[in-house]
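Atoms within each ligand, like the ligands themselves, are counted from 1 in listed order.
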Amino acid sequence: SGMRENLSYEQFGVAVRELAQTIADDGYQPDVVLSIARGGVFVAGGLAYALDCKNIHLVNVEFYTGVGTTLEMPVMLAPVPNAIDFTDKKVLIADDVADTGKTLKLVRDFCLDAVAEVRSAVIYEKTQSLVKCEYVWRRTDEWINFPWSVLPPVTPSGEAPAFNKEAL
Ligand code: 5GP
């Protein structure tokens, strides 16, 4: 496989503070951070604390089935948040990476009708992304190993570990 961009938990801590600083310097004060599960949950938690925003929502989107292998289109999984909750709110969508950008586009389009304003923040944005995020920490075109998904799930001690394709 090709080159990888490796992010550690320690680097993530720096990244999320720097990303929040960029957002604060830009004068954007979101009423709600909308995280895209699962990777965006880490980013949303860090940003919400750093931006002193007490309201976090979550949407589950399924797209990737492996390294670089996707479903045809991303889909929102139930329970889909009630768009009424975002009426007249300034929303900050948080995700780990905009790769094709299809996931972010799906969630942004879902918000667009209802909200006062929607902006997006990601740790990484790739060149091909069809959504250009307002706030980006780093740009790369490599596959990124995030600290929360680089290891296989834990198994009860004594059982054989699950085979992890991503570690190859
Ligand atoms: P997109 O819809 O922008 O192609 O992909 C969005 C989601 O796919 C991300 O939130 C992430 O979960 C997954 N993804 C896309 N590219 C990468 C990558 O380089 N590394 C990892 N670990 N996940 C990725």
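- At least one heavy atom of Asp96 sits less than 4.0 Å from an atom of ligand 1.
- Interface atoms of ligand 1 facing Thr103, defined by a heavy-atom separation under 4.0 Å, are 1 (P), 2 (O), 5 (O), 6 (C).
- Taking both residues in full, the closest heavy atoms of Asn145 and Arg4 are given as OD1-NH1, 3.6 Å, listed atom of the first, atom of the second, then distance.
- For Thr140, the side-chain contact (heavy atoms from CB on, under 4.5 Å) partners two or more places apart in sequence, or in a different chain, are Glu5, Tyr124, Glu142, Ile144.
- Near Ile144, the atoms of ligand 1 lying under 4.0 angstrom from a non-hydrogen atom of the residue are 18 (C), 19 (O), 20 (N), 21 (C), 22 (N).
- Short contacts between ligand 1 and Ala98, defined as distances under 4.0 Å to a heavy atom of the residue, involve ligand atoms 3 (O).
- Backbone and side-chain nitrogen or oxygen atoms of Asn145 are examined, and none is located within less than 3.5 angstrom of a nitrogen or oxygen of ligand 1.
- Within the 4.0 Å heavy-atom cutoff, Gly101 counts among the residues contacting ligand 1.
- Interface of Asp99 with ligand 1, defined as ligand atoms under 4.0 Å from a residue heavy atom, comprises 1 (P), 3 (O), 4 (O), 5 (O), 15 (C), 16 (N), 17 (C).
- At a 4.0 Å heavy-atom cut-off, ligand 1 touches Phe63 through the side chain alone.
- Seen from the ring of Tyr28, Arg119 counts as a face-on cation partner, given the 6.0 Å and 45° thresholds.
- Taking every heavy atom of Val97 and a limit of under 4.0 angstrom, the matching atoms of ligand 1 come to 6 (C), 9 (C), 10 (O), 11 (C), 14 (N), 15 (C), 16 (N), 17 (C), 24 (C).
- Pro30 and Leu51 get closest at one heavy-atom pair: CG-CD1, 4.1 Å.
- Using a 4.0 Å cut-off to heavy atoms of Asp95, the atoms of ligand 1 that qualify are 10 (O).
- Using a 4.0 Å cutoff on heavy atoms, Ile36 does not count as a contact of ligand 1.
- Hydrophobic clustering, defined by side-chain heavy atoms of Ile, Leu, Val, Met, Phe, Trp and Tyr closer than 4.5 Å, leaves Met73 isolated from every other such residue.
- Residue Lys126 places a heavy atom less than 4.0 Å from ligand 1.
- The main-chain N or O of Ala15 is never found under 3.5 Å from a side-chain atom of Glu18 such that the two would form a donor-acceptor pair.
- Counting heavy atoms from C-beta on, the side chains of Trp143 and Asp99 come closer than 4.5 Å.
- For Glu10, the CD atom is loosely surrounded, since the number of other residues' heavy atoms within 6.0 Å does not exceed 12.
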